[in-house]
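Here's the structure, in structure tokens; my notes come after.
We're numbering straight along the sequence, starting at 1. Atoms within a ligand are numbered from 1 in the order they appear, just like the ligands themselves.
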Amino acid sequence: MAITPLMPVYPRSPVRPVRGEGAYLYGENGEKYLDFAAGIAVNLLGHGHPVLTKAIQDQAATLMHVSNLYGSPQGEALAQRLVDLTFADTVFFTNSGAEAVECAIKTARRYHFAKGKPEKHNLITFSNAFHGRTMATISATDQAKLREGFAPLLTGFTVVEFNDLDAALAAVDEHTAGFLLEPIQGEGGIRPATHDFMTGLRKACDEHDLMLVLDEVQSGVARTGALYAYELYGIEPDILATAKGIGGGFPMGACLATEKAAAGMVIGTHGSTFGGNPLAMAAGQAVLDVVANDEFLAAVRSKGDRLRAALEQMIPNHDHLFDSVRGTGLMLGVKLKSDSRAFVAYLRERGILAVAAGDNVLRVLPPLNIEESHIREFVDGLSAAAAEYEVPAAAA
Ligand SMILES: *Cc1c(COP(=O)(O)O)cnc(C)c1O
């Protein structure tokens with residue numbers, strides 16, 4: 001047999017981590033990596049954080065899983081905490097980001113159904129978006145590489161240009177349920193929604209009774225220096241998907257909604273076997289214990305500012321390779337003048353992990369509790385690598 005036991009859907013790099021410690025990963029043969037990828041914005045407390053590790057250990061020994069047939073003191077407590085910290089009135093727990101977005105899509109459709117308008121089932125989504133790999137979430141994007149070979153996809157999505165408010169408003173018709181977008185596109189290349197775009201969509205939702213659905217799977221949970229990126233725009237969504245960092249590495253996500261938006265989500269409309277189990281809730285509580293306070297968020301903002309300033313100071317020295325820096329907090333991207341994937345691979349050989357993204361962007365997504373020394377190590381390493389890097393001829 002030629003196929004590998006692990007279904008060969010990933011272009012896996014030669015990095016083979018077996019252990020992590022803070023901001024570092026260690027490979028099978030003892031190789032050391034500075035981890036500024038953090039599981040793609042997941043390990044926001046780094047690796048082996050004592051608060052998170054202990055919470056999971058204790059909960060695993062106490063009660064790991066029970067069915068959602070029973071009352072959930074653990075789920076109620078974490079949901080209440082998220083309600084207190086955000087715009088939301090109610091929370092559905094999932095196991096992943098795509099499932100959180102799925103729940104968000106279902107909630108938006110059910111809202112209109114419950115109001116007697118089932119024809120309002122269409123979400124307006126945006127170019128270069130990434131919402132996950134389920135059938136609904138690939139149907140919500142225009143990216144051929146995610147969609148090819150999976151037809152027929154779901155109907156009910158209209159894709160328009162990101163950050164083009166006029167195009168988004170022009171796409172609204174009697175079938176529109178709302179808008180679904182990432183406040184800062186992650187996979188698409190660290191592209192923030194403009195202030196006017198976001199506030200314009202909010203206003204349209206208020207005027208036409210539409211749902212503003214935010215996918216904060218990557219931008220959420222303190223990544224930008226706000227607990228959720230919508231706060232940076234001075235608006236509130238109706239529905240929000242969160243995952244990645246929320247469990248600090250434990251697989252979990254959540255769909256948050258206002259009471260109004262969740263009006264259709266009554267008994268029997270949705271469910272998940274594992275979603276919200278006690279082990280996941282313990283991980284979520286531990287993460288919020290560390291990140292959900294003004295001091296931690298302010299530290300993320302100042303580390304983000306320092307990292308950004310250091311990158312901006314460094315990149316003119318290598319202007320054959322680097323173009324500009326973008327992003328907010330510790331959700332940063334360096335736009336390259338050549339293929340970012342090739343340079344990410346080169347960095348990896350030199351012991352530095354970052355993530356390639358669309359638009360030839362090198363994504364910089366470190367743990368949120370990094371120190372000044374890690375920032376220096378990363379920027380120095382990036383600079384040294386750039387100095388020796390030969391832009392591949394084909395991609396130059
Ligand atoms: C990663 C991601 C998802 C999908 O999350 P999974 O946990 O992989 O299902 C959805 N939306 C955004 C913005 C993401 O970055």
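Less than 4.0 angstrom separates some heavy atom of Gln218 from each of these atoms of ligand 1: 15 (O). Within ligand 1, counting atoms from 1 as listed, the ones closer than 4.0 Å to a heavy atom of Ser96 are 7 (O), 9 (O). Proximity to Gly132 (heavy-atom distance under 4.0 Å) selects the following atoms of ligand 1: 4 (C), 10 (C). Close approach to Glu182 involves these atoms of ligand 1, each under 4.0 Å from a residue heavy atom: 13 (C).
Contacts between Ala243 and ligand 1, counted as non-hydrogen atom pairs separated by less than 4.0 Å, are absent for every part of the residue.
A donor and an acceptor atom, one from each side chain of Glu216 and Ser219, are located under 3.5 Å apart.
Where the criterion is an N or O separation shorter than 3.5 Å, residue side chain and backbone included, Ala98 meets it with respect to ligand 1. At least one N or O atom of Lys244, backbone or side chain, sits closer than 3.5 Å to an N or O atom of ligand 1. Of the polar atoms of Glu99, none of the N or O atoms is found under 3.5 Å from an N or O of ligand 1, judged by distance alone.
In the candidate list Val42, Val101, Asn95, Asp215, Asp215 is nearest to atom 11 (N) of ligand 1, counting heavy atoms.
Between Ile40 and Glu187, some side-chain heavy-atom pair lies under the 4.5 Å cut-off. Leu180 places a side-chain heavy atom less than 4.5 Å from the side chain of Val101.
Checked against the 6.0 Å centroid threshold, Tyr228 and Tyr233 do not count as a close aromatic pair. Note: Phe274 and Phe93 fail the aromatic proximity criterion, with ring centroids not under 6.0 Å apart. Ring centroid separation for the pair His121 and His112 does not come in under the 6.0 Å cut-off.
Taking the centre and axis of the six-membered ring of Tyr24, the NZ or CZ atom of Lys32 falls inside the cone set by 45° and 6.0 Å.
Of all protein heavy atoms, the one lying nearest to atom 7 (O) of ligand 1 is Gly97 N, 2.8 Å.
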